[in-house]
Each structure stands twice: as C-alpha cells, then as structure tokens.
Peer 1: 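Before we start, here is the structure in question, set down as structure tokens.
None of the values given here were measured: they were computed from a predicted structure.
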Amino acid sequence: MRHQALLVPEVVLHIFAHVNEIGEPSYAERPLSRQTLADPSTTQQSWSRGIEPLSELERSQSIRNSCRVRTMSVSSDDDFHLLRSFPYDTCVFPKLLSLSWVIIFTRYLRFFLSPTLRSCYIAIVQPDLARHSIGTRCPALEGLDIELRSLRLYVTSCSINPDNVSLFEAMSSWPQIRSLSLSDPHHRPPQVTFRELFAALSQCPHLHALHVEIDVANIDIKLKTESFQHTSLESISYYSSPAANAEAVARIIFTMLPNVQLADTWGDVNTHLKSLRASSSLQGAGGG
C-alpha cells in the first residue's frame with residue numbers, strides 16, 4: 001500500500017499526537033480530524049492500523065517534511081509501528097527543539113532525539129532509557145526533566161564534581177531516586193561536605209546507593225547536636241580524598257548512616273566502623 005498521505009506535513013504531525021511548529025502556526029492551530037484520514041466507520045481506532053512501514057523513498061520524503069517540526073508532545077504510541085523501517089540511529093525529527101514524552105515506553109524515543117534538542121521532559125522512566133544515550137545524541141540539551149529512580153553520569157570530556165548547592169538542588173528535584181552516581185574521572189578535590197550531604201540526603205528518603213566524592217578531610221558537623229539519620233542508604237562511595245580523622249568519620253557514618261556498608265577502599269574508616277558496630281552488638285547482647 002502506498003503512503004502518499006504520510007508525505008503531507010499535516011499527517012506527519014497527526015501521527016505524533018500534538019505538534020507546534022515555529023514559523024508555521026497553521027499546523028499547530030488547525031485541528032486535524034481522524035475523519036480526514038480514515039474511513040468514518042473506523043474513526044475510533046488508530047487510522048494507521050494495518051498500514052505497512054514506510055518504504056525507503058517515503059522515509060526520505062517524510063524526514064524532509066518533518067524538518068519543520070520544532071516542538072512536540074508525544075502522548076500516544078498507536079502509530080509507532082510506521083517507524084520500524086527506519087535505521088536504528090535515525091532521527092525522524094532532526095530540527096526538534098523541545099520534546100515532551102508522556103507515554104510509558106521509551107523504545108522509540110531514539111527517533112526523536114535530535115542534535116538540536118534543547119528541552120526534554122520524560123514522564124515515566126523505564127530501564128531501557130540509558131541505552132538511548134540522550135547526552136551523546138543531544139549535545140545542545142539544556143534542560144532534562146525526569147521522574148528519576150536511578151542515575152549514573154560518567155562523562156570523560158568534562159568533570160562532574162558537584163558542590164554543596166548543586167547536589168542539594170539535584171537531589172531536591174529527584175525525591176524518588178534510589179541510586180545516584182556522579183563520577184569524576186579527573187578526581188578533583190571534593191566539594192561536598194558532610195553537613196550538606198546530610199541536607200541533600202534528607203530530600204531523598206529512598207536512596208540506597210550514593211556515589212559522589214565527599215570531603216572527609218574537613219568535618220563540619222558535631223554529632224552531639226545532630227539528630228538526623230538516613231536508614232535507607234546502604235552504600236556510599238569513596239574516591240581519593242583522605243580522611244584526616246578516620247575514627248571521627250567512622251562515628252559519623254555509624255550514627256547517621258546506620259545501614260551503610262563500606263568497601264575496603266575506606267581503609268581505616270571501615271576498620272573503625274566495624275569496631276563500633278561490634279561494640280554496639282556486644283552491648284546490645286549484654287543488655288538483653
């Protein structure tokens with residue numbers, strides 16, 4: 001079956017739910033009726049049902065038309081089967097600037113990740129999101145809004161070394177996050193202090209794994225005046241910053257992060273922590 005209708009810009013826009021075009025307001029303002037695209041007897045179903053994916057010629061013509069699209073909100077995946085014939089790394093909307101993705105699955109997200117994309121909202125994150133390499137495919141991206149549960153960033157071309165303010169802002173934006181890893185390949189001096197680390201942790205009660213460089217050389221809290229505990233956190237990373245007072249750091253972790261298990265890379269801090277927990281266990285057993 002030929003897809004001549006798909007070569008018309010209005011039809012391309014209809015396939016992907018709701019589109020606004022910069023410089024072409026008529027496309028966004030004129031409502032499209034399914035009755036103009038399908039038989040009236042089947043207007044309650046996807047108009048593209050039963051239509052085969054596009055041919056090579058139709059794909060190239062469709063992309064030429066879709067270059068006009070600048071803003072898009074995707075709220076239905078009814079017509080995504082038409083994209084199956086496109087090569088895996090093809091961007092169907094190469095000039096897209098803003099994308100709102102409000103459907104559950106991200107399988108076809110790659111077709112919308114343009115190199116010009118500046119703003120992206122993804123309503124529901126699925127495990128396969130990482131394979132789409134948003135940061136690599138969208139170098140112009142300025143804003144990414146997600147409901148996160150897990151995030152790992154490792155960028156070799158630049159250093160990710162958050163300070164107290166940026167870490168707090170990030171974790172305040174992701175209250176449901178379970179795992180956060182911000183790796184610094186250049187190992188610059190850490191800027192996150194214990195006081196602000198715990199302030200950030202208070203924003204993410206479900207966090208169980210944190211990998212971010214912490215300044216363990218400069219202790220800026222007093223345990224006698226602190227009552228905060230984060231009981232969900234189970235692992236916390238340690239990079240290159242040496243602890244000036246290993247016993248004091250161990251006591252902070254013992255008191256405020258009671259369920260954290262340290263790796264051997266923590267050295268003397270881990271030794272002191274094990275000793276504190278052993279003593280606590282003995283005291284508990286003796287009290288019973």
Peer 1: Taking the side chain as every heavy atom from C-beta outward, state whether Pro175 and Gln203 have any pair of such atoms under 4.5 Å apart.
Peer 2: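 Result no, sub-4.5 Å side-chain heavy-atom pair not found.
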Peer 1: Using the side-chain hydrogen bond (donor to acceptor under 3.5 Å, both in side chains) criterion, which residues pair with Asn245? Sequence neighbours excluded.
Peer 2: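 Applying side-chain hydrogen bond (donor to acceptor under 3.5 Å, both in side chains) to Asn245 gives none.
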Peer 1: At their closest point, which heavy atom of Val192 faces which heavy atom of Pro162, and how far apart are they?
Peer 2: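 Closest approach of Val192 to Pro162: CG2-O, 3.4 Å.
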Peer 1: Linking I/L/V/M/F/W/Y whenever their side-chain heavy atoms sit closer than 4.5 Å, directly or via other members, would Trp266 and Leu210 fall into one cluster?
Peer 2: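 Shared cluster, yes.
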Peer 1: When clusters are formed by joining ILVMFWY residues with side-chain heavy atoms under 4.5 Å apart, either directly or through shared neighbours, do Val102 and Val69 land in the same one?
Peer 2: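 Each belongs to a different hydrophobic cluster.
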Peer 1: Quick one: are Pro258 and Gln229 in side-chain contact, heavy atoms under 4.5 Å?
Peer 2: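 A side-chain contact exists here, since the closest heavy-atom pair is under 4.5 Å.
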Peer 1: Identify, with sequence neighbours excluded, every residue that meets side-chain hydrogen bond (donor to acceptor under 3.5 Å, both in side chains) alongside Thr116.
Peer 2: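 Partners of Thr116 by the side-chain hydrogen bond (donor to acceptor under 3.5 Å, both in side chains) criterion, ordered by chain and then number, come out as Ser114.
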Peer 1: Determine whether a donor-acceptor pair (N or O, by modelled atom type, separation under 3.5 Å) exists between the side chain of Ser66 and the backbone of Val92.
Peer 2: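 Yes: the side chain of Ser66 pairs with the backbone of Val92.
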Peer 1: Answer yes if Leu273 and Leu223 sit in the same cluster of Ile, Leu, Val, Met, Phe, Trp and Tyr residues linked by side chain heavy atoms under 4.5 Å apart, and no otherwise.
Peer 2: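 Same cluster.
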Peer 1: My understanding is that only residues two or more places apart in sequence, or in another chain, count here; which of them pass salt bridge (Lys or Arg N to Asp or Glu O under 4.0 Å) with Arg195?
Peer 2: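 Only Glu226 meet the salt bridge (Lys or Arg N to Asp or Glu O under 4.0 Å) criterion with Arg195.
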Peer 1: Taking the side chain as C-beta and beyond, is there a heavy-atom pair between His211 and Ser235 under 4.5 Å?
Peer 2: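 His211 vs Ser235: side chains touch.
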Peer 1: Kindly indicate, with the supporting measurements, whether the criterion side chain to side chain contact (heavy atoms under 4.5 Å, CB included) is fulfilled by Ile252 and Val216.
Peer 2: CA-CA 10 Å; Ile252 291 171; Val216 295; over 6 Å; no
Peer 1: Within the 3.5 Å criterion, strictly below it, is a donor on Asp163 or Ser166 matched to an acceptor on the partner's side chain?
Peer 2: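 The answer is yes; a qualifying pair exists.
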Peer 1: Is there a donor-acceptor pair under 3.5 Å between the side chain of Arg137 and the backbone N or O of Arg110?
Peer 2: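 Checking the backbone N and O of Arg110 against the side chain of Arg137, a donor-acceptor pair under 3.5 Å is found.
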Peer 1: Please say yes or no: joined through hydrophobic side-chain contacts below 4.5 Å, possibly via intermediate residues, are Phe228 and Met171 part of one cluster?
Peer 2: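 Linked, Phe228 and Met171 end up in one cluster.
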Peer 1: To the nearest 0.5 Å, what is the distance between CG (Leu233) and CG (Asn259)?
Peer 2: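 Answer rounded to 0.5 Å: 9.0 Å.
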Peer 1: Is the closest side-chain heavy-atom distance between Pro94 and Leu96 below 4.5 Å?
Peer 2: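 Sidechains of Leu96 and Pro94: no contact.
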Peer 1: Can Ile122 be reached from Phe111 by stepping across I, L, V, M, F, W or Y side chains whose heavy atoms are under 4.5 Å apart?
Peer 2: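 As far as the 4.5 Å side-chain criterion goes, Ile122 and Phe111 are connected within one cluster.
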Peer 1: Measuring from Ile103:CD1 to Ser75:OG, what's the distance to the nearest 0.5 Å?
Peer 2: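 With rounding to 0.5 Å, CD1 (Ile103) is 8.5 Å from OG (Ser75).
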Peer 1: To the nearest 0.5 Å, what is the distance between CH2 on Trp174 and CD on Glu169?
Peer 2: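 With rounding to 0.5 Å, CH2 (Trp174) is 11.0 Å from CD (Glu169).
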Peer 1: I want to check something: taking the side chain as every heavy atom from C-beta on, are Arg251 and His272 in contact at a cut-off of under 4.5 Å?
Peer 2: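 A side-chain contact under 4.5 Å is absent here.
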Peer 1: Is the ring pair Phe93/Phe112 parallel, tilted or perpendicular, if the boundaries are 30 and 60 degrees?
Peer 2: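 Parallel, since the angle between the ring planes stays under 30°.
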Peer 1: Can a donor-acceptor pair be found between the side chains of Asp220 and Thr193 at a distance below 3.5 Å?
Peer 2: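 Yes, side-chain donor-acceptor contact under 3.5 Å.
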Peer 1: For side chain to side chain contact (heavy atoms under 4.5 Å, CB included), just list the numbers for His230 and Met256, CA-CA rounded to whole Å, side-chain angles, deciding distance to a tenth of an Å, and then say yes or no.
Peer 2: CA-CA 6 Å; His230 194 290; Met256 305 182 75; over 6 Å; no
Peer 1: Between Glu234 and Gln261, is a side chain to side chain contact (heavy atoms under 4.5 Å, CB included) present by the stated rule, with each step listed?
Peer 2: CA-CA 6 Å; Glu234 299 175 356; Gln261 300 297 321; 6.0 Å; no
Peer 1: Are the side chains of Leu201 and Leu207 in contact, using a 4.5 Å heavy-atom criterion?
Peer 2: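 Yes, side chains in contact.
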Peer 1: Under a 4.5 Å cut-off applied to non-hydrogen side-chain atoms, are Leu117 and Leu97 in contact?
Peer 2: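 In short, these two side chains do not touch, never coming nearer than 4.5 Å.
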Peer 1: Hey, could you give me the SG/CG distance between Cys120 and Leu99, rounded to the nearest 0.5 Å?
Peer 2: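 Here the interatomic distance stands at 4.5 Å.
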Peer 1: In the structure I gave you, are the side-chain heavy atoms of Leu197 and Asn164 within less than 4.5 Å of one another anywhere?
Peer 2: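 Leu197 vs Asn164: side chains apart.
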Peer 1: Calculate, to the nearest 0.5 Å, the distance between atoms CZ and CG belonging to Phe194 and Asp215 respectively.
Peer 2: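 Atom-to-atom, Phe194:CZ and Asp215:CG are 8.5 Å apart.
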Peer 1: How many angstroms lie between atom CZ of Phe168 and atom CZ of Phe198, to the nearest 0.5 angstrom?
Peer 2: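 Going from CZ on Phe168 over to CZ on Phe198, the span is 14.5 Å.
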